[in-house]
Amino acid sequence: QVQLVESGGGLVQAGDSLSLSCAASGRTFSNYVMGWFRQAPGKEREFVAAISRFGGGRNYADSVKDRFTISRDNAKSTVYLQMNSLNPEDTAVYYCAARSRDVTSTLVSAYDDWGQGTQVTVSS
């Protein structure tokens, strides 16, 4: 099991940028595919972005493509989510997740370990 702690959430205005971090501990970080998900009030948790074990493969939800960038630093056991051009529809609790497989996935059920989440609120 890997422990995950997100940070960097906050309240911003539409059009602003925000960077999230997720620090991992407990296992060899490079053994895990990492993902970011989000959950808005009253909605199901949804996929945002994922990155392969060494960063060579990335995929994004259509709603964030060209605005969000996922990256990772295996030496620091940290995955990042750079969010640009934020809009109120991006308001949610953002979670990072770890998957002990070689292939990225967009499915919540495909990830084994989760952080506690960090709130992102975008005002109009």
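All values reported here derive from a predicted model rather than from experimental measurement.
- Under the side chain to side chain contact (heavy atoms under 4.5 Å, CB included) criterion, Gln13 pairs with Asp16, Ser123, sequence neighbours left out.
- Both Val12 and Val48 are part of a single hydrophobic cluster, where members link through side-chain heavy atoms under 4.5 Å apart.
- Of all the heavy atoms in Gly26 and Gln3, the pair that sits closest is CA-OE1, 3.6 Å.
- Residues Asn74 and Phe54 share a closest heavy-atom pair of ND2-CD2, 3.6 Å.
- Partners of Asp113 under the salt bridge (Lys or Arg N to Asp or Glu O under 4.0 Å) rule, at least two apart in sequence or in another chain, do not exist in this structure.
- Geometric assessment of Arg27 against the ring of Tyr32 yields a negative cation-pi assignment under the 6.0 Å and 45° thresholds.
- Once rounded to the nearest 0.5 Å, the distance linking CG of Asp90 with OG of Ser85 reads 9.5 Å.
- The six-membered or imidazole ring of Phe47 lies near that of Phe37, with a centre-to-centre distance under 6.0 Å.
- With a 4.5 Å cut-off on side-chain heavy atoms, Leu4 and Tyr95 do not count as touching.
- Between the Thr78 side chain and the Lys76 main chain, a donor and an acceptor come within less than 3.5 Å of each other.
- Taking Phe29 as the reference, nothing meets the ring-ring contact (aromatic ring centres under 6.0 Å, His included) condition, with sequence neighbours excluded.
- Across all non-hydrogen atoms, the minimal contact from Val33 to Arg53 is N-CG, 3.9 Å.
- Applying the side chain to side chain contact (heavy atoms under 4.5 Å, CB included) rule to Arg101 yields the partners Arg99; only residues at least two apart in sequence or on another chain are considered.
- The closest side-chain heavy-atom distance from Leu81 to Met34 is not below 4.5 Å.
- Applying the side chain to side chain contact (heavy atoms under 4.5 Å, CB included) rule to Val120 yields the partners Leu18, Leu20, Met83, Tyr94, Val122; only residues at least two apart in sequence or on another chain are considered.
- In this structure the side chain of Arg72 never reaches within 4.5 angstrom of the side chain of Tyr80, judged on heavy atoms.
- Interatomic distance, CD1 of Ile70 versus CD1 of Ile51, reported as 5.5 Å (0.5 Å rounding).
- Contact of the Asp66 side chain with the Tyr60 side chain is not registered, since no non-hydrogen atoms from C-beta on lie closer than 4.5 Å.
- A donor-acceptor contact shorter than 3.5 Å is absent between the side chain of Thr121 and the backbone of Leu11.
- Side-chain contact between Glu6 and Gln116 is present, with heavy atoms from C-beta onward closer than 4.5 Å.
- A heavy-atom distance below 4.5 Å is found between the side chains of Cys22 and Trp36.
- The heavy-atom pair separating Ala40 from Ala92 by the smallest distance is N-CB, 3.8 Å.
- Taking the side chain to side chain contact (heavy atoms under 4.5 Å, CB included) definition, one finds that Asn84 meets it with Ser17, Gln82, sequence neighbours left out.
- Across all non-hydrogen atoms, the minimal contact from Leu107 to Tyr111 is O-CD1, 3.1 Å.
- In plain terms, the two heavy atoms of Thr91 and Gln119 that are nearest each other are CG2-NE2, 4.0 Å.
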